Amino acid sequence: MATPPSPPAQPFVYLDSSTLHSLLPPQTLIPHFHSTLPSVSSSIHSPPRLSYPLPVPSSLLLLMPSWSSHPSLPYLGVKLLTSFPSSSSHGGGVHGSYSLFHSLSGRPLASLDGSALTLLRTSAVSALASLLLSRPSPSVLLLAGAGSLAPYLVAAHRAARPSINRIILWNRTPKKAQELAHLLQEQETHRGGDATFEHAELLDDVVPLSDIVSCATSSLDPLIKGELLKRGAHLDLVGSFTPAMRECDDEALMRGRVFVDFETAMEEAGELVGAFKRGVMTREDVAGTLVELAGGKKVGRRDEEELTVFKSVGTAVVDILAAQLAYEAYMKR
């Protein structure tokens, strides 16, 4: 009797930017991170990110591999990113590609737009932290930085905290903030929403007004002054990912209860690395990680007056979880 043929292997797929946006809206990705980070993150192996300087000034090649030993997550993935912050006029910025493999066979499964994946997962991580750390009904969101991540952060924070109805945008180049505020207001009006978008010329003037302050810049010098943060505010630091970068001063860290996305933030984030060196705080002063918060092992906000700080540098752990969700949802279609 002839042996029945093996079932055909699943075809290799490419998930472009528009496909990822349809598969990974914040309303889907935030709860996915909330549920999966506590249950599977300990089984995901994520070696330190490799960073290589390139000939163009301030430009980097980043490699972020990860793989899982959990039966519900049989994947291996590698993200390659290029960062060309000084070459925006030539199409620079952050660009990338993500390759997903089956971890038991090594078979390639999919290639994903790494830039879109990074924007979607980074904003969802910040929003999940806000859900766990900000006050329950914030109304004013301040976003420092008007780059490619900015609209994603706005959408994700609003998905996590629907009470947000005033969004203030600031950028070192005021015109960029003004243009983004105008664009987002047009989109809001078209959807029939009632939130207002505006831009600020002076950052110090609007920090005291804000319930949530989210920073997505590549600043080397502190932007947010801790003394200006209102009681009960939540500070979200997304931009810095090297020890040379810094988006807030020591006062913000001293006033706030600090959480990180993963422990690697204490090795890579300029705000924390510098604070440790200056003796402002120690590693033991960091209250916990996002995994511990999401799993209930650490208590988040304790009262309405507490100032909370979340620092993320991004890791391959959230890349592979986002890629898993996108791939499985696509194959179900």
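As the structure is a prediction and not an experimental result, all values here were calculated from the model.
- Leu119 and Leu128 fall within a single hydrophobic cluster, where Ile, Leu, Val, Met, Phe, Trp and Tyr side chains are chained together by heavy-atom contacts under 4.5 Å.
- Applying the salt bridge (charged side-chain N to carboxylate O under 4.0 Å, His left out) test to pairs two or more places apart or on separate chains, none has a residue in residues 93-105.
- Residues Lys225 and Glu251 are not paired through a salt bridge, judged by the lack of any N-O separation under 4.0 Å between the basic side chain and the carboxylate.
- When only modelled atom types and interatomic distance are considered, His157 and Tyr152 share no side-chain donor-acceptor pair under 3.5 Å.
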Begin with the C-alpha distance, continue with both residues' side-chain angles, and end with the deciding distance and a verdict on side-chain hydrogen bond (donor to acceptor under 3.5 Å, both in side chains) for His190 and Glu186. CA-CA 6 Å; His190 180 73; Glu186 283 188 335; over 6 Å; no
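- Hydrophobic clustering (ILVMFWY, side-chain heavy atoms < 4.5 Å, transitive): Phe310 and Leu29 are in one cluster.
- Between Arg166 and Glu198 there is a salt bridge, since at least one side-chain N of the basic residue sits less than 4.0 Å from a carboxylate O of the acidic one.
- Looking at Ser214 and Asp236, their side chains do bring a donor and an acceptor atom within 3.5 Å of each other.
- Under 3.5 Å, the side chains of His95 and Thr82 contain no donor-acceptor pair of N or O atoms.
- Salt bridge Glu267/Arg283: present, at least one basic N to carboxylate O contact under 4.0 Å.
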Does the pair Leu60 and Tyr52 meet the rule for a side chain to side chain contact (heavy atoms under 4.5 Å, CB included), with working shown? CA-CA 5 Å; Leu60 299 170; Tyr52 299 99; over 6 Å; no
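- For Tyr98 against Lys79, the heavy-atom pair with the smallest separation is CD1-CB, 3.4 Å.
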Checking Val286 against Phe259 for the side chain to side chain contact (heavy atoms under 4.5 Å, CB included) test, could you report, in this order, the C-alpha distance in whole Å, the side-chain angles of both residues, the deciding distance, and whether it holds? CA-CA 6 Å; Val286 175; Phe259 291 84; 5.8 Å; no
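- The CZ atom of Arg231 lies 10.5 Å from the CG atom of Asp303; values are rounded to the nearest 0.5 Å.
- No side-chain N or O of Thr122 forms a donor-acceptor pair with one of Thr118 less than 3.5 Å apart.
- Rounding to the nearest 0.5 Å places NZ of Lys298 at 12.5 Å from CG of Leu290.
- Between Glu292 and Lys297, no side-chain nitrogen of the basic residue sits less than 4.0 Å from a carboxylate oxygen of the acidic one, so the salt-bridge criterion is not met.
- Residue pairs meeting the salt bridge (charged side-chain N to carboxylate O under 4.0 Å, His left out) criterion with at least one member in residues 141-158, sequence neighbours excluded, are Arg158-Glu188.
- Residue Arg161 forms a side chain to side chain donor-acceptor pair (under 3.5 Å) with just one option from Ser137, Ser134, Ser130, and that option is Ser134.
- Closest heavy-atom contact between Ala127 and Ile30: CB-CD1, 3.5 Å.
- By the 4.0 Å N-to-carboxylate-O rule, Asp221 lies too far from Arg246 to be salt-bridged with it.
- Residues Glu179 and His199 bring no donor and acceptor atom of their side chains to less than 3.5 Å of each other.
- Here the side chain of Asp249 pairs a donor or acceptor atom with the backbone of Ala252 at under 3.5 angstrom.
- For the 3.5 Å distance criterion, the side chains of Thr315 and Asp261 fail to qualify, holding no donor opposite an acceptor.
- Here OG of Ser105 is found 10.0 Å from CG of Leu76. Values are rounded to the nearest 0.5 Å.
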Ser68 and His70: CA distance, side-chain angles, deciding distance, side-chain hydrogen bond (donor to acceptor under 3.5 Å, both in side chains) verdict: CA-CA 6 Å; Ser68 168; His70 198 283; 5.7 Å; no
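- Side-chain polar atoms of Thr217 and Glu247 form a donor-acceptor pair below 3.5 angstrom.
- Annotation: salt bridge (charged side-chain N to carboxylate O under 4.0 Å, His left out) contacts involving residues 26-50, sequence neighbours excluded, comprise Arg49-Glu268.
- Defined by atom type and a distance below 3.5 Å, a donor-acceptor pair is present between the side-chain atoms of Lys311 and Ser240.
- Rounding to the nearest 0.5 Å gives a distance of 9.5 Å between OG1 of Thr282 and CE of Met266.
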